[in-house]
Amino acid sequence: SSGINAEYGGAAGVLAEMVSFPFDTSKIRLQIQGQITDEAFTNLKYRGTFHTLCLVSSEEGIRSLFSGVRFAALRQATYGTLKFGIFFTMKSWWNKRGGSDQFLPVTVAIGMFSGALSSILTTPIDRMKVISQSKAQ
């Protein structure tokens, strides 16, 4: 059923986020360094992903690599649940009206719509995550 698929989608997203989150924090730190608009980020401190991971964990503690993880888990749970829930609900609606799963253009359109809507609805949570990741602890 679409409810079970939505729940599995949310749970899978949360698990994947937990595993990959330190790398995302590293990416955010690399992206914000060297800015001219914010004095806190003008220096080029990090030289790459693994250098960032090592430097952040040694200077700020390993917990700092997971700063904002609660927002990431919330975003992934809602994004995955919404995306799969919308997709399977719309696909079921299409099939009940005589449509076919074999008609690729409709399946692609439903997938695009469900992904886009889910992304739009969860963007504020993603913003909170990025703000948390960018701050040194």
Side-chain angles (χ1 to χ4, degrees):
S1 89
S2 56
I4 295 293
N5 290 327
E7 290 172 12
Y8 285 151
V14 170
L15 180 62
E17 190 69 40
M18 295 299 181
V19 171
S20 65
F21 195 78
F23 294 101
D24 193 44
T25 299
S26 176
K27 176 196 69 143
I28 297 295
R29 296 288 183 96
L30 285 163
Q31 286 175 330
I32 64 172
Q33 70 178 352
Q35 292 185 21
I36 58 172
T37 57
D38 189 340
E39 288 185 28
F41 304 116
T42 55
N43 294 332
L44 293 176
K45 184 176 183 177
Y46 309 112
R47 294 191 307 260
T49 301
F50 292 105
H51 179 255
T52 305
L53 290 169
C54 292
L55 200 57
V56 169
S57 61
S58 68
E59 290 181 353
E60 304 171 31
I62 291 177
R63 291 184 69 194
S64 187
L65 292 172
F66 291 91
S67 180
V69 75
R70 67 184 184 276
F71 295 121
L74 176 62
R75 190 234 184 235
Q76 285 300 339
T78 54
Y79 175 75
T81 303
L82 283 169
K83 180 176 62 174
F84 284 100
I86 293 168
F87 177 82
F88 286 108
T89 300
M90 289 182 71
K91 201 167 149 188
S92 174
W93 176 84
W94 168 253
N95 290 337
K96 285 179 184 175
R97 277 149 187 75
S100 168
D101 283 345
Q102 304 302 315
F103 192 59
L104 186 61
V106 171
T107 302
V108 169
I110 290 171
M112 290 170 56
F113 176 78
S114 61
L117 182 59
S118 300
S119 184
I120 289 166
L121 293 173
T122 58
T123 294
I125 302 169
D126 200 39
R127 172 122 170 87
M128 293 185 293
K129 174 192 73 105
V130 171
I131 290 169
S132 294
Q133 287 176 298
S134 65
K135 295 179 181 176
Q137 301 298 313

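These figures come from a predicted structure and were not determined experimentally.
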TODO: Please answer: with hydrophobic residues joined when any side-chain heavy atoms are less than 4.5 Å apart, are Met112 and Leu121 in the same cluster?
DONE: no
Open item on the list: How long is the straight-line distance from CD of Gln76 back to OG1 of Thr81, given to the nearest 0.5 Å?
Closed with: 10.0 Å
Open item on the list: For Ser100 versus Asn95, what's the shortest heavy-atom pair and its separation?
Closed with: C-OD1, 3.9 Å
Open item on the list: So does Gly68 get a backbone contact from the side chain of Gln133, meaning a donor-acceptor N/O pair under 3.5 Å?
Closed with: no
Open item on the list: Atom CZ of residue position Arg97 - does it have more than 12 heavy atoms of other residues, nucleotides or ligands inside 6.0 Å?
Closed with: yes
- [ ] Please confirm whether the backbone N or O of Ile131 pairs with a side-chain atom of Ser134, one donor and one acceptor, at under 3.5 Å?
- [x] yes
Task: Hydrophobic cluster (4.5 angstrom, side-chain heavy atoms) - remaining members for Ile120 - done: none
Open item on the list: If I compare all heavy atoms of Gly48 with all of Thr52, which pair ends up nearest, and what's the gap?
Closed with: O-OG1, 2.6 Å
Open item on the list: Looking at Ile62, I want to see if its CD1 is surrounded by more than 12 non-hydrogen atoms of other residues, nucleotides or ligands under 6.0 Å.
Closed with: no
TODO: Identify the heavy atoms of Ser67 and Ser132 that sit nearest to each other, and give their distance.
DONE: OG-O, 3.1 Å
Open item on the list: Donor-acceptor check, side chain of Ser114 to backbone of Ile86, threshold 3.5 angstrom: yes or no?
Closed with: no
Task: Flag side-chain contact, heavy atom, 4.5 Å: Asp24 against Lys129 - done: yes
Open item on the list: If hydrophobic clusters are built by linking Ile, Leu, Val, Met, Phe, Trp and Tyr wherever their side-chain heavy atoms come under 4.5 Å apart, do Leu30 and Phe21 end up in the same one?
Closed with: yes
Task: Under 3.5 Å: donor-acceptor pair, side chain of Ser118, backbone of Lys83 - done: yes
Open item on the list: Can you give me the closest heavy-atom contact between Pro22 and Leu53, atom names plus distance?
Closed with: O-CD2, 3.3 Å
TODO: Starting at CG of Leu65, measure out to OG of Ser57 and round the result to the nearest 0.5 Å.
DONE: 5.5 Å
Task: Interatomic spacing from SG in Cys54 to CD in Glu59 - rounded to 0.5 Å - done: 11.0 Å
Open item on the list: Between Thr123 (side chain only) and Ser119 (backbone N and O only), is there a donor and an acceptor less than 3.5 Å apart?
Closed with: yes
Open item on the list: Working to the nearest 0.5 angstrom, can you tell me the gap between Trp94 CH2 and Ser92 OG?
Closed with: 13.0 Å
Open item on the list: Among His51, Arg29, Gln33, exactly one meets side chain to side chain donor-acceptor pair (under 3.5 Å) together with Tyr46. Which residue is that?
Closed with: Arg29
Task: Between CG on residue Leu117 and OH on residue Tyr79, distance to nearest 0.5 Å - done: 10.5 Å
Task: Any Glu17 side-chain heavy atom under 4.5 Å of Val14 side chain - done: no
Open item on the list: Using the side chain to side chain donor-acceptor pair (under 3.5 Å) criterion, which residues pair with Asp126? Sequence neighbours excluded.
Closed with: none
- [ ] Just say parallel, tilted or perpendicular for the rings of Phe50 and Phe23, cut-offs at 30° and 60°.
- [x] perpendicular
Open item on the list: Can you list, by chain and residue number, the hydrophobic cluster partners of Met128 when the side-chain cut-off is 4.5 Å?
Closed with: Phe71, Leu74, Ile125
TODO: Determine whether Phe87 and Phe103 fall in the same hydrophobic cluster, where Ile, Leu, Val, Met, Phe, Trp and Tyr are linked whenever their side-chain heavy atoms lie under 4.5 Å apart.
DONE: yes
